[in-house]
Amino acid sequence: MKPLAPFILSLLFLTSQTVLSFKREEFRNCHQTPFCKRARSRSPGACTLTPHSISISNGDLTATLLSKTDEQIRPLILSLSVYQDGILRLKIDEDYNHPDPPAPKRRFQVPDVVLPEFESNKLWLQRLSTETVDGESSPSTVVYLSDGYDAVLRHDPFEIYIRDKKSGNQKLISLNSHQLFDFEQLRVKQEKQDSDNNEDSGSDDNWEERFRSHTDTRPYGPQSISFDVSFYNAEFVSGIPEHATSLALKPTRGPGVEKDSEPYRLFNLDVFEYLNESPFGLYGSIPLMISHGKEGRSAGFFWLNAAEMQIDVLGDGWDAEYGIELVKQKSIDTFWMSEAGIVDAFFFVGPGPKDVVKQYTSVTGRPSMPQLFSIAYHQCRWNYRDEEDVENVDAKFDEHDIPYDVLWLDIEHTDGKRYFTWDPVLFPNPEEMQKKLAAKGRHMVTIVDPHIKRDDSFRVHKEATEKGYYVRDASGKDFDGWCWPGSSSYLDMVNPEIRSWWGDKFSYENYVGSTPSLYIWNDMNEPSVFNGPEVSMPRDALHHGDIEHRELHNAYGYYFHMATSNGLLKRGVGNDRPFVLSRAFFPGSQRYGSVWTGDNTADWDHLRVSVPMILTLGLSGISFSGADVGGFFGNPEPELLVRWYQLGAFYPFFRAHAHQDTKRREPWLFGEKNTRLIREAIHVRYMLLPYFYTLFREANTTGIPVMRPLWMEFPSDEITFSNDEAFMVGSSLLVQGIYTERAKYASVYLPGKELWYDIRTGAAYKGGKTHKLEAKEESVPAFQRAGTIIPRKDRLRRSSTQMVNDPYTLVIALNSSQAAEGELYIDDGKSYEFLQGAYIHRRFVFANGKLTSINLAPSSSSKSQFSSKSILERIILLGYSPGPKNALIEPANQKTEVELGPLMLQGGRGSSVVTIRKPAVQVSDDWTIKIFYFLTTYLLRCEPFLGWIDSAYREAVSSHCLPLKASSYA
């Protein structure tokens, strides 16, 4: 019999997770976080470091930072490296060769984030120049960065900045302009009897920290780093996810800000029912900040550090209380604080917002190319009860003509919370269950979390214990914490050997009951420890190489995500693209799968904040993200649920999910009208899958996100700077959510000078103004930008897999020049053959009444080829006056009809639009379609008219000419 006390404790913890909402007192604030409290207490001008021994070593600028006031402080080693595309990398670490006093160990540098190929892009410095910059009293060392930019190392006071030579050597980004740089060095506590007068033997606060009932040891004392970063000529800054806040980050210190205001916290935490409009840290951390200014100018700063971080955005006049004005050029100042690690920082010069994202993802990696099914609709709940429940839900989707691609199983599908297992009573035939879904082109996702049940009969736990693969506590024993299974241990994923071992667990042999249509969900990987400080792992827990957990906490989930993704890659023998959803994330997570915004709530505020949260993730490289449609906690009213589906259909990751304590909320449970509205919203997503997939390929090759802030596409339009209620999907679609109950109207700002077309009705609206539109129940406002072409698939199937060979529709939205262009990317939707050239990539250009399909795929000598059976079924022309009757297809020299037809085959409410029906050209081929008119007249003879018509039309036109009766013109 098991002891009763642990069972009761387990039950209490597990129950608490289902009934408690966010409790602020359970999480630290800055005042309760020693390194944050110390850093915030420092004043501008406090830094006493200056660079010495400046030289070139291994192609880098190197220098030693020495204190002007304290010779007992070990030197710091600084290096500046220059990379292609104007990227500057700054490293500052302790001098481990310095003997007095020696550093007790090496500080943690985050591995496996920066791409190896990025390192090969380093530009080896050949020379340094020294100059006295205008207005400065001390010399500076200047390094050429790229055309138009220099990196400047100012000697005294110590400062690093990038100057823009095109704007009169104005600063673009700087570090330590306000002299707030501080670097607490590692040390070892001296025995009291040997050092009664030594400061180290003073308060125990230096050697341990307490929060509530928890105490973490600090064997190397305080080791925090802090500094100021300034962004010049900026109107706002964005980034540093994850927070439930506005896209433009609000000041956290300065005039007009409450004195007890908190910094933006970056510390991965399991937070349930998180607060809206709060700087509180959530499930993931990416220390990347992007600035943007009036002239459409952007720049970026990224600190690669996995320890807890706190970041202040300083309001105008924040330093006035100190009586110091150190910087005259307009700037947004920020203050960065981290508990541990080193300075490993990257400066990105832009100049546009897309350039910054490209530069950042050239360092940390482009987003992986997802499988086609994974960008369709996902149905999830904690939990679908059993195989019968799964079968019934699947059948109901078909009964109600609602497509979906993935059904998810949460923790209750396992045998006693042992991952890689199935409950033998509820899910006795998992392979058969999956094969039934796969027969309809559908997939399944199961959950696999990082906590391993401490049960000697569980082979994963037994093997991990024997091999020493668990994170250890401060005493060196396997760490034992509480999570869903009760007593649990956590795999030490920072160790590549353990990641490889973990990956093997996803083989069909080891994961009994799994099939090729099964993919994975990583939850709770912050990591969540129910009985730990802040529901997290103690900071003094030990990892591979005796790295303290405090040093790598924010990267733990990243390594777990990486190991799981690589496991699926092994399972598929390297040619099946993994799908792994992760809640925790870190720089580089975009290479391994998708993320979502965590345990949101069924209320209008959480619907509203989902947009800036997803936009911020996209700016930070994670394009494949979304929010739980309907809200994870609570029971949404039907109107809220419908509005969430209508907005969520445009999220990059589109999944509905709900807590086990909520009422069932499948799309058909809210009455016939709401079922129809949800069905139409999901239909829109499936119709636009070719466009979304093309955008995911763009993200895969450039880093530019699928879902974008308006100012990314209209960088000089100041009205867009504060607008995070609307967003762009690619460069062609603008979507405006509706975020209030029983809304009668929606205000929609449409940027630019060209028209915008309602995607459902085809109605045209002027750009450059705000429109007050009726808030229709059928949809949220969504518009296609004039000058663009969007590919669609209008035939609706049970799943995306069944749509593969369906024909395409092109929607051409003409601009004021009667021109438009767009792209279409197609591959097999699942393998890595596209890396060998097995794909179709077309550009469509409409100009002068002619639509041309151009091949963008490079010619390949590889054996890998991809072909498509799909044809072009319809071409819709928005903004084209009715009148043309025929179109000529070249080179086939065939005619096809031009007529009025519906804009949308499903659920459309608009008037008829000009449509070229059944051109029947292969979507993969080169072709041209020319539109021309036939007018009946008795005034012109056919023969002379043919003399000035385009020669390409003559043969076709002549067959319609009757002497003295009919004539034609193009």
Side-chain angles (χ1 to χ4, degrees), residues 684 687-688 690-691 694 710 713-714 717 726 728-736 748-771 773-774 776 779 781-792 794 808-824 842-854 872-888 896-905 908-919 928-935 969-970:
V684 168
M687 180 182 69
L688 292 173
Y691 180 61
T694 300
L710 300 188
E713 290 297 325
F714 300 90
D717 188 338
M728 298 293 297
V729 179
S731 60
S732 304
L733 284 180
L734 184 149
V735 180
Q736 168 69 54
V748 185
Y749 176 68
L750 298 175
K753 299 179 180 179
E754 296 286 352
L755 294 174
W756 294 81
Y757 299 91
D758 187 303
I759 69 166
R760 293 174 63 87
T761 68
Y765 296 86
K766 290 183 178 179
K769 62 179 297 187
T770 299
H771 299 267
L773 305 177
E774 179 185 355
K776 299 179 180 179
S779 65
F783 304 87
Q784 184 174 346
R785 182 181 182 179
T788 65
I789 299 175
I790 288 180
R792 297 188 335 205
D794 293 348
Y808 287 85
T809 292
L810 294 182
V811 182
I812 302 175
L814 297 174
N815 61 17
S816 56
S817 300
Q818 293 285 283
E821 63 179 58
E823 295 184 12
L824 172 64
R842 310 298 302 184
R843 173 173 288 144
F844 304 112
V845 178
F846 187 91
N848 301 318
K850 180 173 66 176
L851 175 64
T852 304
S853 176
I854 303 167
L872 189 57
E873 183 177 44
R874 293 198 304 155
I875 300 170
I876 294 171
L877 292 156
L878 302 178
Y880 202 86
S881 300
K885 300 298 183 183
N886 290 81
L888 178 67
T896 189
E897 295 179 353
V898 180
E899 59 186 38
L900 294 179
L903 175 55
M904 298 180 72
L905 297 180
R909 301 290 186 270
S911 57
S912 297
V913 291
V914 176
T915 304
I916 302 175
R917 291 187 64 247
K918 297 182 180 179
T928 297
I929 300 176
K930 301 179 181 180
I931 300 174
F932 57 97
Y933 295 76
F934 292 103
L935 296 181
Y969 67 92

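In this chain, numbering begins with 1 at the start of the sequence shown.
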Without swapping roles, check the side chain of Gln818 against the backbone of Gly879 for a donor-acceptor pair under 3.5 Å. yes

Just by distance, no angles: are the side chains of Ser816 and Glu754 close enough, under 3.5 Å, to form a donor-acceptor pair? yes

What one should report as the nearest heavy-atom pair of Ser732 and Met728 is N-CE, 4.1 Å

Report the residues that fulfil side chain to side chain donor-acceptor pair (under 3.5 Å) with Arg842, sequence neighbours left out, ordered by chain and then residue number. Ser853, Asp926

For the pair Lys885 and Glu897, evaluate salt bridge (charged side-chain N to carboxylate O under 4.0 Å, His left out) and give the outcome as yes or no after the intermediate values. CA-CA 6 Å; Lys885 300 298 183 183; Glu897 295 179 353; over 6 Å; no

Is any side-chain heavy atom of Tyr765 closer than 4.5 Å to one of Leu755? no

Check this for me, if you would: do Asp794 and Arg792 make a salt bridge, where the nitrogen-to-carboxylate-oxygen distance has to be below 4.0 angstrom? yes

At their closest point, which heavy atom of Val684 faces which heavy atom of Met904, and how far apart are they? CG2-CE, 4.2 Å

Nearest-0.5 Å distance, CG of residue Leu900 to CD1 of residue Ile876: 11.5 Å

Side-chain (Trp756) to main-chain (Leu734) donor-acceptor, under 3.5 angstrom: no

Going by the rule side chain to side chain contact (heavy atoms under 4.5 Å, CB included), which residues pair with Ala820 if we only count those two or more places apart in sequence or in a different chain? Ile789, Ile812, Leu814

With a 4.5 Å heavy-atom cut-off, do Leu810 and Leu872 have their side chains touching? yes

List the atom of Lys766, the atom of Lys769, and the distance in Å for their closest heavy-atom pair. O-CG, 3.6 Å

Would you say the side chain of Tyr757 lies within less than 4.5 Å of the side chain of Phe783, judging by non-hydrogen atoms? no

Here the pair of heavy atoms bringing Lys918 nearest to Thr896 is O-OG1, 3.5 Å

Going by side chain to side chain contact (heavy atoms under 4.5 Å, CB included), Tyr691 matches just one of Leu733, Val811, Leu824. Which one? Leu733

Classify the ring geometry between Phe846 and Tyr880 as parallel (under 30°), tilted (30 to 60°) or perpendicular (over 60°). perpendicular

Please determine which of Leu851, Val914, Ile931, Val898 meets the side chain to side chain contact (heavy atoms under 4.5 Å, CB included) test together with Ile875. Leu851

Using only atom types and a distance under 3.5 Å, with no angle test, would you say the side chain of Asn848 pairs donor to acceptor with the backbone of Lys850? no

Do the non-hydrogen side-chain atoms of Asn886 and Leu888 ever get within less than 4.5 Å of each other? no

Any non-hydrogen side-chain atom of Leu905 less than 4.5 Å from a side-chain atom of Arg874? yes

Non-neighbouring partners of Glu713 that pass salt bridge (Lys or Arg N to Asp or Glu O under 4.0 Å), sequence neighbours left out: Lys354, Arg708, Arg785

Minimum heavy-atom separation for Ile929 and Ala887, please, with both atom names. CG2-CB, 3.8 Å

Has Thr761 got a side-chain atom pairing as donor or acceptor with Ala763's backbone, closer than 3.5 angstrom? yes

What's the spacing between Thr770 OG1 and Leu750 CG if we round to 0.5 Å? 8.0 Å

Note: Asn815 and Ala786 closest approach over all heavy atoms is CA-CB, 3.8 Å

Report yes if some heavy atom in the side chain of Leu903 is under 4.5 Å from a heavy atom in the side chain of Arg760; otherwise report no. no

Could you tell me if the side chain of Leu710 sits less than 4.5 Å from the side chain of Asp717, heavy atoms only? no

Just by modelled atom types, is the Val913 backbone N or O under 3.5 Å from a matching donor or acceptor in the Thr915 side chain? yes

